[in-house]
Amino acid sequence: MMTNELDSLLEWFGLKDELRTGWVLRNIDSPESVAAHTWGTASLCLLYAEQEDVDPQKAVTMALIHDLGEARTGDIATRAEEGRQTIPKSEKEAAERSAVTDLVGPFNDTELLSLWEEYEARDTPTAQFVKDMDLIDNCLQALKYERQGRYDEAETNDHFAEFENLDEFFATAAPRIQTELGQDLFEQIKSQYEREIGRPCQL
């Protein structure tokens, strides 16, 4: 193994320690890491790819690298509230593209970079499916945290002034889901979440 490969791998592994910003802002007890989210997304791709007539291996590989850039940029959460986004989308994408290019560079694997670019463009069935599984993973995690009571809902939280409980995580997912499968899974998870909180989810 070359030194530059080792250094890059150590950066890749930083995703194991990079906590998901949205959960941190919501004061979730022991929030998941980006790597944990990546595993969840990849698992969903493995389980549901054939239902969407998508190649499971390609989908899982795309899922495993979809947030790789965050090993360097950190996790910049997508927010539903107006004015909550910390940097413009274009700036975020540019920073992540630069990071992913550097992080896969030592392995001379142009396919990985190509898959990441395909995911970002969202103009293929595979990319649209993987993005939906990314969003579904987030909703499943919200349901899990709600069911486990992993935050104090009575606590004042300026980061979530317009949303109760974990509604914002459903609100950010709802308008971005593109596949019929994704929509079906979303509705199932949201319905269960609404039973947990005892009211309709605010979208």
Side-chain angles (χ1 to χ4, degrees), residues 8-9 11-16 18-23 31-78 89 92-144 169-170 172-193:
S8 186
L9 279 174
E11 270 203 85
W12 283 53
F13 275 43
L15 291 179
K16 293 183 176 186
E18 180 67 34
L19 300 181
R20 295 269 283 167
T21 302
W23 307 130
E32 68 172 345
S33 67
V34 175
H37 161 69
T38 296
W39 175 87
T41 303
S43 297
L44 289 166
C45 288
L46 181 66
L47 293 169
Y48 291 105
E50 291 185 352
Q51 290 189 33
E52 283 293 296
D53 198 25
V54 165
D55 176 16
Q57 181 174 343
K58 180 179 179 181
V60 168
T61 304
M62 187 180 285
L64 287 172
I65 63 166
H66 84 281
D67 277 341
L68 178 60
E70 294 179 10
R72 185 170 293 178
T73 67
D75 178 30
I76 302 168
T78 298
K89 181 180 178 181
K92 176 179 183 287
E93 289 177 352
E96 290 181 353
R97 179 172 287 103
S98 175
V100 172
T101 301
D102 286 350
L103 290 167
V104 302
F107 302 98
N108 296 313
D109 193 331
T110 57
E111 182 182 0
L112 288 179
L113 182 58
S114 177
L115 284 174
W116 185 86
E117 292 281 6
E118 181 179 338
Y119 173 79
E120 286 295 300
R122 305 273 208 278
D123 58 4
T124 66
T126 300
Q128 291 165 5
F129 165 72
V130 174
K131 180 58 185 179
D132 277 10
M133 295 305 99
D134 164 71
L135 298 169
I136 292 302
D137 172 83
N138 213 38
C139 293
L140 277 170
Q141 197 67 29
L143 174 59
K144 177 182 178 182
F169 299 96
F170 291 88
T172 56
R176 295 189 287 163
I177 293 175
Q178 299 185 63
T179 68
E180 186 175 342
L181 172 65
Q183 190 62 48
D184 182 56
L185 291 171
F186 175 81
E187 290 298 333
Q188 290 182 50
I189 299 163
K190 182 172 75 72
S191 293
Q192 185 59 49
Y193 170 75

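Just so you know, these numbers come straight off a predicted model, no measurement behind them.
- Counting heavy atoms of neighbouring residues, nucleotides and ligands inside a 6.0 Å radius, atom CD of E117 exceeds 12 of them.
- Residues satisfying the ring pair (Phe, Tyr, Trp, His ring centres under 6.0 Å) criterion with H66, sequence neighbours excluded, are H37, Y119.
- A distance-only check finds a donor-acceptor pair linking the side chain of D109 to the backbone of L112 [under 3.5 Å].
- Side-chain contact check for M133 versus C45: some heavy-atom pair is nearer than 4.5 Å.
- One finds the CD atom of E18 at 11.0 Å from the OG1 atom of T38 (value rounded to the nearest 0.5 Å).
- The backbone N or O of D75 lies less than 3.5 Å from a partner atom in the side chain of T21, making a donor-acceptor pair.
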Assess the residue pair K92 and T73 against the criterion (side chain to side chain contact (heavy atoms under 4.5 Å, CB included)); give the C-alpha distance rounded to whole Å, side-chain angles, the decisive distance to 0.1 Å, and a yes or no.
CA-CA 8 Å; K92 176 179 183 287; T73 67; over 6 Å; no
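- At a threshold of 4.5 Å between non-hydrogen side-chain atoms, the residues E118 and L115 count as touching.
- With rounding to the nearest 0.5 Å, the separation of CG in L135 from CG in L140 is 11.5 Å.
- With no hydrogens or angles considered, a side-chain donor-acceptor pair links Q183 and E187 at under 3.5 Å.
- In this structure, K58 does not pair ionically with E111, as no charged nitrogen and carboxylate oxygen lie closer than 4.0 Å.
- At a threshold of 4.5 Å between non-hydrogen side-chain atoms, the residues I136 and I189 count as touching.
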Kindly indicate, with the supporting measurements, whether the criterion side chain to side chain contact (heavy atoms under 4.5 Å, CB included) is fulfilled by L113 and T101.
CA-CA 7 Å; L113 182 58; T101 301; 3.8 Å; yes
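- Heavy-atom minimum distance, F129 versus E52: CD1-CG, 3.6 Å.
- Q178 contributes no side-chain N or O that, together with a main-chain N or O of Q128, makes up a donor-acceptor pair within less than 3.5 Å.
- Among residues two or more places apart in sequence or in another chain, the ring pair (Phe, Tyr, Trp, His ring centres under 6.0 Å) test is passed with Y48 by none.
- D132 has its side chain within reach of I177: a pair of non-hydrogen atoms, C-beta onward, lies under 4.5 Å apart.
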Would you please test W116 and M62 for side chain to side chain contact (heavy atoms under 4.5 Å, CB included) and show each step?
CA-CA 6 Å; W116 185 86; M62 187 180 285; over 6 Å; no
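- Counting non-hydrogen atoms of neighbouring residues, nucleotides and ligands closer than 6.0 angstrom, the CZ atom of F107 exceeds 12 such neighbours.
- Of all heavy-atom pairs between S8 and P106, the closest is CB-CG, 3.8 Å.
- The two atoms that bring V130 and T41 nearest to each other are O-CG2, 4.1 Å, heavy atoms only.
- Heavy atoms only, all atoms of each residue included: S33 and K16 are closest at CB-O, 3.2 Å.
- L103 has its side chain within reach of W12: a pair of non-hydrogen atoms, C-beta onward, lies under 4.5 Å apart.
- E32 CD to Q141 CD: the interatomic distance, rounded to the nearest 0.5 Å, is 4.0 Å.
- When atom types are taken as modelled, the side chain of T172 and the backbone of F169 share a donor-acceptor pair closer than 3.5 angstrom.
- The minimum heavy-atom distance between C139 and A173, with the atom names listed, is SG-CB, 3.8 Å.
- Salt bridge E96/R72: absent, no basic N to carboxylate O contact under 4.0 Å.
- Here the side chains of E50 and P56 are in contact, with some heavy-atom distance below 4.5 Å.
- Shown here are the side-chain contact (heavy atoms from CB on, under 4.5 Å) partners of S114, two or more places apart in sequence or in another chain: there are none.
- Counting heavy atoms from C-beta on, the side chains of D55 and T126 never come closer than 4.5 Å.
- Side-chain contact check for W39 versus L44: every heavy-atom pair is 4.5 Å or farther apart.
- Across all their heavy atoms, L15 and E70 have their closest contact at CD2-C, 3.7 Å.
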